Protein chains: 2
Amino acid sequence: MNCRNLGEFCENEAKGVVQSLVLDSEKGELVKASGRVEKKIGKSEGKTIAALKSHSEAERRRRQRINAHLSTLRNLVPSSDKMDKAALLAEVVRQVKQLKETATHDSERFFIPLDSDEIKVEIIAENAIDGTCLFRASVCCEYRTHLLSDLKQTINSLHVNLVKSEISTLGSRVKNVFLFTNSIHGGGGCATIQARDIFLSSVRQAFSSVLDKVSAFPEYSAYPNKRQRVSCFDSSSLLF
Amino acid sequence: MNCRNLGEFCENEAKGVVQSLVLDSEKGELVKASGRVEKKIGKSEGKTIAALKSHSEAERRRRQRINAHLSTLRNLVPSSDKMDKAALLAEVVRQVKQLKETATHDSERFFIPLDSDEIKVEIIAENAIDGTCLFRASVCCEYRTHLLSDLKQTINSLHVNLVKSEISTLGSRVKNVFLFTNSIHGGGGCATIQARDIFLSSVRQAFSSVLDKVSAFPEYSAYPNKRQRVSCFDSSSLLF
DNA sequence: AGGGACACGTGAACC
DNA sequence: TGGTTCACGTGTCCC
């Protein structure tokens, strides 16, 4: 059946008698169609046919455009074959949200040190079995001499298993990010939530004292006289 | 006009005479509709009406579902108000591609060192005016003594402006990522594409020779006797 | 007017 | 069979 709503027109157009069925959505029942069709046909049939035709063709093009984008989305989303349109879009929403999440998270993790000092210690992942946790500690501060060796000593004193270390600089500001676990050389993790919280705050405290050192002993400052915001700061001397 | 395709049914159902118009898409002309409607109405009008009604309601729900996802996508995508559906989807495609790009790029940048040695030097960004480029060089290899100081010497010898350095470890493998520009202390960048390519390959060559050092002089190896794949590798001694 | 965009009801196909 | 998905042509609104 190729026939659509305008069927029988060719034979009936001479008579000018065309009727159609409508399911009225408000009243919930089938009602009369308008008489407009007959009137228009009476006026200029050719015009109406041409308009109808171009209209439906335009609509088909529109559908093709939309569906083309839908199918490229389908290719972008893994294992989205045999998903219907709604499910596909739902999955796309999920993906976009998640990608945005990790993107902002990453940029927060890796990019420019801020002007304000900051110490952040958080749990990234947790092993449910032995209580081993993966931690991420970030320390953002002004550079000073011995900052890195102080941080190293701090890490060592915490007896954690350092997994990853990142250093980035902007001007005289420096940001250090450490990933570490609390299971050193195969040992267990924090047994209880309380122990974990105590550990977290002790890590924060340890890094805090590294930052406090410069205020307590100003001779540690790299720029004793005045805070310097120069961009020609030699990062290579800091990074090794 | 509330009327739809099934209009006039209520008054006409007693007569059983219903006609509809179809624009035949293949022939490109208006043709007769099938007589099925009349037959069915003759059989059991109530059934047909109920089926039609639930069908159109289901279809409406489907449309609502799709449009709901579309509008949440609209909220996720910046400045996508007043975009039509196709444009919105096109923008979503663009975003997803870009997010995936940076996501894989970032994870590639920041995560685990691979088992195979790798040297990669690429241009991240380019200043069209003075030809200054931002480069990213990554070196992935087995750790050995003096690796970091060798890399530092290499960076220094290239006379580049080091912007950022990252080091990550997995077992005895180590991955170093350097971001740097070729405009040292305000100097200009590479004038031509050829100069840039020469610079790129010289950087690659420089890092290569650092990696070759261990094979040429085995005494540099951290594990002279046999390649060791232990995970208790003390990364903290490497990272500072 | 005339073309674009949208929601609608419908026919067909698939479980 | 009912239920669900899709493409289609159409009515309507807006520029």
Side-chain angles (χ1 to χ4, degrees), chain A residues 1-9 18-37 39-41 43-44 47-71 74 81-90, chain B residues 1-9 18-37 39-41 44 47-71 74 80-90:
Chain A
M1 296 280 177
N2 290 324
C3 301
R4 298 287 177 214
N5 296 344
L6 283 186
E8 245 179 62
F9 176 80
V18 174
Q19 297 175 328
S20 62
L21 269 158
V22 166
L23 177 55
D24 185 283
S25 27
E26 284 106 18
K27 289 186 279 181
E29 53 187 23
L30 298 169
V31 297
K32 226 182 222 183
S34 76
R36 283 178 68 252
V37 183
K39 280 190 247 158
K40 280 207 170 175
I41 287 177
K43 275 187 188 170
S44 55
K47 281 272 188 178
T48 306
I49 296 177
L52 233 33
K53 189 171 166 180
S54 87
H55 183 28
S56 73
E57 279 170 355
E59 184 61 17
R60 171 153 49 243
R61 282 193 299 274
R62 176 176 167 271
R63 275 193 303 267
Q64 284 172 356
R65 234 171 31 238
I66 292 175
N67 285 337
H69 288 136
L70 244 26
S71 78
R74 208 168 234 113
D81 276 353
K82 287 299 166 193
M83 268 186 185
D84 63 36
K85 285 188 187 178
L88 170 65
L89 287 175
Chain B
M1 296 279 176
N2 288 326
C3 302
R4 299 287 175 215
N5 296 345
L6 282 186
E8 243 178 67
F9 178 79
V18 173
Q19 297 175 328
S20 63
L21 270 157
V22 167
L23 176 56
D24 186 284
S25 27
E26 284 106 19
K27 289 187 280 182
E29 54 186 22
L30 299 168
V31 296
K32 222 184 225 184
S34 77
R36 284 178 65 251
V37 184
K39 280 189 248 162
K40 280 210 171 174
I41 287 177
S44 55
K47 281 270 186 179
T48 307
I49 295 177
L52 233 32
K53 189 172 168 180
S54 88
H55 183 28
S56 73
E57 278 169 357
E59 184 62 18
R60 170 154 47 243
R61 282 194 300 273
R62 176 177 166 270
R63 277 193 301 265
Q64 284 172 356
R65 235 172 28 240
I66 292 176
N67 286 337
H69 288 136
L70 245 26
S71 78
R74 206 166 238 116
S80 64
D81 276 354
K82 288 298 164 194
M83 269 185 185
D84 63 36
K85 287 187 186 178
L88 170 66
L89 287 176

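Keep in mind that what you see is a predicted model, and the values were worked out from it rather than measured. Chain identifiers are assigned alphabetically (A, B, ...) following the order of the sequence lines, protein sequences preceding nucleic acid strands; residue numbering begins at 1 within each chain. When reading the values below, keep in mind they use all heavy atoms of this one structure, side chains included, and skip hydrogens, waters and symmetry mates.
- If you take NZ on B:Lys85 and OG on B:Ser71, they are separated by 11.0 Å, rounding to the nearest 0.5 Å.
- With contacts defined as side-chain heavy-atom distances shorter than 4.5 Å, the pair A:Asn67/A:Leu70 qualifies.
- Between B:Arg60 and C:dG9 there is a side-chain polar atom (N or O) within less than 4.0 angstrom of OP1 or OP2.
- Look at NZ on B:Lys53: it is 14 Å from P on D:dG3, rounded to the nearest Å.
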Pick out the pairs of N or O atoms, protein on one side and nucleotides 1-5 of chain C on the other, that lie under 3.5 Å.
from  : atom 1 : to      : atom 2 : distance (Å)
C:dA5 : OP1    : B:Asp84 : OD2    : 2.7
C:dA5 : OP2    : A:Arg65 : NH2    : 2.9

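- We find that CG of B:Leu70 is positioned 9 Å from P of C:dC6, with the value rounded to whole Å.
- By the side-chain contact (heavy atoms from CB on, under 4.5 Å) test, B:Ala87 pairs with B:Met83, B:Asp84, sequence neighbours left out.
- Under the 4.0 Å criterion applied to side-chain N and carboxylate O atoms, A:Arg62 and A:Glu59 are assigned as salt-bridge partners.
- At whole-Å resolution of the value, CG in A:Leu89 and P in D:dT5 are 13 Å apart.
- In this structure, B:Arg65 has no side-chain hydrogen bond (donor to acceptor under 3.5 Å, both in side chains) partners at least two apart in sequence or on a different chain.
- Residues B:Ile66 and A:Leu88 form no side-chain contact, since every pair of their non-hydrogen atoms from C-beta on lies 4.5 Å or further apart.
- Rounded to an integer number of Å, the gap from CD1 of B:Ile66 to P of D:dT4 is 14 Å.
- The nearest whole Å value for the distance from the CG atom in A:Leu52 to the P atom in D:dG11 is 7 Å.
- Phosphate proximity of C:dC6 to B:Asn67: absent, as no side-chain N or O sits under 4.0 Å from OP1 or OP2.
- Comparing B:Ala86 and B:Arg63 against DNA chain C, the residue whose closest nucleotide sits nearer the 5' end is B:Ala86.
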